[in-house]
A.B. asks: 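My questions all concern the structure below.
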Amino acid sequence: MDLSHILNHLGEDREAHRGAVSPPIYQSSIFAFSSVAAFRAGFRDELRSTVYSRGNNPTVEVLRKKVAALEGAEDCLMFSSGAGAIAAAVIASVAAGDHVVCVARPYSWTRALLRDLLGHFGVATSFVDGTDVANFASAITPQTRLIVLESPNSMTYEQQDLAAVAKLAKAHGVRTLCDNSYATPLNQSPLTLGIDMVAHSATKYLNGHSDVVAGALCASEALIREVFKKAYMVCGAVMSPHDAWLMIRGLRTLAVRMERIARTTHEVLTFLQAHAKVEKVHYPHDAANPQFALTAAQMRGASGLLTVVLRAADVAGVERFCNALQRFLMTVSWGGYESLQFPVCAVYPAGAPLMPPGGGAGLNCVRLSVGLEEPEVLIADLSQALDAV
Ligand SMILES: *Cc1c(COP(=O)(O)O)cnc(C)c1O
């Protein structure tokens, strides 16, 4: 992959724009034609021509080319959110009476899409432990049309063997979708492992600056055309030209951001693991992770999202740690330039027990997104906060 060419030049066609080094923002909803013949030709292929910005827009198209190239895909659609990208890919792939197999504990709104929304429309979903490919094999029925993967997921980072699941799916004529937000296209290439469609919450690392909510879907041209016709134009979760421009700008630094974040995260991990108040750390690139061999086999590099499990006597101790952190903003999302914390206990009512009775991540889990700060600054902050547990 000629990474610097993709990030700095691909799709920008500067000669058509008087040499502008930063691409223009085509802030136009519609594009006019000089003849009926030209208008007719525009309608023939709204994925590539410019007729109406719900279909295609020149600024968004620059970004589509870059993200497709990063994923090694023939084409890409950009969305106004990652949830929009995942919903369009799924809706275009199933009909009433069909069955979906999804990895257990996907992103919460992916679960809501499959279990609740599509459940109301006659699409059934089985959620399976994706750490063993045999679980997918036993969940597939004659009605199964789609397998939805998220590897790693974004709280405890379980992975699926993407090549093995892709092979199984192909043998059954089942389509596959993988959410690749955690790894980014730099660190994992599901399409080259045989997966059919790759989705991203571009809100996270791809944009990287906590100023745009965006999504991407990458696949073969045939699949992208199918999604375009069946769901993209219908549901209309499209990206604005201005957001596309911001994301083109955010992408310029993707490689340097990821490199710096991976290095800092390794230092943060080493510090946390040696600390008496830390029970364990969930992180796919930790040699002690039970799936570390799979990490090494299918991922090229590391990200900055990890979950620390505190050795706390009660939720109050966890809250003292979170409230004491100064350099990790307390909020949702992840993947920006700034470090963040997400305390699991914040989604439970006050007074809930440390271990949720229904299973899942304990209330002693705090997810950290490591940003671009100096590692020693983050470690000093974590150190003083751990004293408060
Ligand atoms: C955030 C997220 C999404 C949803 O993306 P939005 O841009 O917030 O709509 C999907 N998958 C994963 C893994 C995420 O973290």
Side-chain angles (χ1 to χ4, degrees), residues 60 63 67 71 76-91 100 102-118 125 127 130 146-160 162 176-188 190 195 197-218 231-232 235-240 243-244 246-247 250-251 258 261 282-284 299 303-307 329 331-336 338 340-342 344 347 360-361 365 367-371:
V60 178
L63 185 56
V67 176
E71 278 294 356
C76 163
L77 288 170
M78 295 305 303
F79 293 81
S80 54
S81 70
I86 293 164
V90 172
I91 289 167
V100 177
C102 180
V103 67
R105 290 180 296 283
Y107 179 67
S108 53
W109 297 105
T110 301
R111 186 182 58 224
L113 167 77
L114 292 166
R115 187 191 61 189
D116 306 334
L117 181 66
L118 292 180
T125 298
F127 294 90
L146 179 69
I147 296 177
V148 177
L149 306 171
E150 188 179 311
S151 187
N153 75 6
S154 62
M155 185 57 80
T156 41
Y157 319 108
E158 291 94 2
Q159 297 175 71
Q160 303 94 56
L162 298 179
T176 46
L177 167 69
C178 181
D179 184 328
N180 201 29
S181 306
Y182 182 93
T184 83
L186 301 188
N187 292 329
Q188 181 168 269
I195 298 295
M197 302 185 285
V198 170
H200 280 280
S201 170
T203 312
K204 315 291 166 52
Y205 288 122
L206 290 182
N207 182 63
H209 290 73
S210 302
D211 50 12
V212 173
V213 176
L217 184 72
C218 299
Y232 182 86
C235 299
V238 302
M239 175 180 257
S240 76
D243 281 355
L246 281 167
M247 210 186 127
L251 267 186
M258 293 313 294
I261 285 171
H282 293 291
Y283 188 56
M299 290 176 71
S303 296
L305 197 65
L306 72 173
T307 300
L329 300 177
T331 181
V332 294
S333 195
W334 46 275
E338 76 293 21
L340 307 176
Q341 55 155 321
F342 180 88
V344 167
V347 302
C365 289
R367 188 181 69 188
L368 301 176
S369 178
V370 172

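Side chains are part of it too, since the values below use all heavy atoms of this structure and drop only hydrogens, waters and symmetry mates. When a ligand or atom number is given, it counts from 1 through the structure's own listing order.
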A.B. asks: What residue among Asn180, Val103, Ile86 forms side chain to side chain contact (heavy atoms under 4.5 Å, CB included) with Glu150?
C.D. replies: Val103
A.B. asks: Can any side-chain N or O of Tyr232 pair as donor or acceptor with the backbone N or O of Ala237 at less than 3.5 Å?
C.D. replies: no
A.B. asks: List every atom of ligand 1 that sits less than 4.0 Å from any heavy atom of Trp334, numbering the atoms from 1 in the order shown and giving each element.
C.D. replies: 15 (O)
A.B. asks: Say whether, by atom type as modelled, one donor and one acceptor occur between the side chain of Arg367 and the main chain of Ser154 under 3.5 angstrom.
C.D. replies: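 Yes, Arg367 side chain to Ser154 backbone: donor-acceptor pair under 3.5 Å.
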A.B. asks: Considering heavy atoms of the protein only, find what lies nearest to atom 11 (N) of ligand 1 and give residue, atom and distance to 0.1 Å.
C.D. replies: Asp179 OD2, 2.6 Å
A.B. asks: Report yes or no: does Ala214 have a heavy atom closer than 4.0 Å to ligand 1?
C.D. replies: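 Ala214: in contact with ligand 1 (<4.0 Å).
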A.B. asks: Closest by any non-hydrogen atom to atom 10 (C) of ligand 1: pick that one out of Tyr107, Tyr182, Trp109.
C.D. replies: Tyr107
A.B. asks: Is the distance between the ring centroids of Tyr283 and Tyr157 under 6.0 Å?
C.D. replies: no
A.B. asks: Considering only heavy atoms of Glu150, which atoms of ligand 1 have at least one such atom less than 4.0 Å away?
C.D. replies: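 Per the distance check, 13 (C).
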A.B. asks: Please state which protein non-hydrogen atom is closest to atom 6 (P) of ligand 1 and give its distance, to 0.1 Å?
C.D. replies: Gly82 N, 3.3 Å
A.B. asks: Suppose we measure from atom 9 (O) of ligand 1 to each protein heavy atom; which comes out shortest, and what is that distance?
C.D. replies: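 Checking every protein heavy atom, the shortest distance to atom 9 (O) of ligand 1 gives Ala83 N, 2.8 Å.
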A.B. asks: Working to the nearest 0.5 Å, report the span between SG of Cys218 and CG of Leu77.
C.D. replies: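 Rounded to the nearest 0.5 Å, the SG-CG separation comes to 9.0 Å.
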A.B. asks: What side-chain donor-acceptor pairs closer than 3.5 Å can you find for residues 204-213, not counting sequence neighbours?
C.D. replies:
from, atom 1, to, atom 2, distance (Å)
Lys204, NZ, Ser201, OG, 3.4
Tyr205, OH, Gly304, N, 2.8
Asn207, ND2, Asp211, OD1, 2.8
His209, ND1, Asn207, O, 2.8
Ser210, OG, Glu338, OE1, 3.4
Ser210, OG, Glu338, OE2, 2.7

A.B. asks: Give the residue and atom name of whichever protein heavy atom lies nearest to atom 2 (C) of ligand 1, and the separation in Å to one decimal.
C.D. replies: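 Looking only at protein heavy atoms, the one closest to atom 2 (C) of ligand 1 is Lys204 NZ, 2.5 Å.
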A.B. asks: Could you check Glu158, Gln159, Gln160 and say which one makes a side-chain hydrogen bond (donor to acceptor under 3.5 Å, both in side chains) with Asn153?
C.D. replies: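 Going through the options one by one, the only one that passes is Glu158.
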A.B. asks: Just distances here: any N/O of Thr110 and N/O of ligand 1 closer than 3.5 Å?
C.D. replies: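 Looking only at distances, the answer is no, because the N/O contact criterion of under 3.5 Å is not met.
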A.B. asks: Which residue and atom name correspond to the protein heavy atom nearest atom 7 (O) of ligand 1, and how close is it?
C.D. replies: Thr203 OG1, 2.6 Å
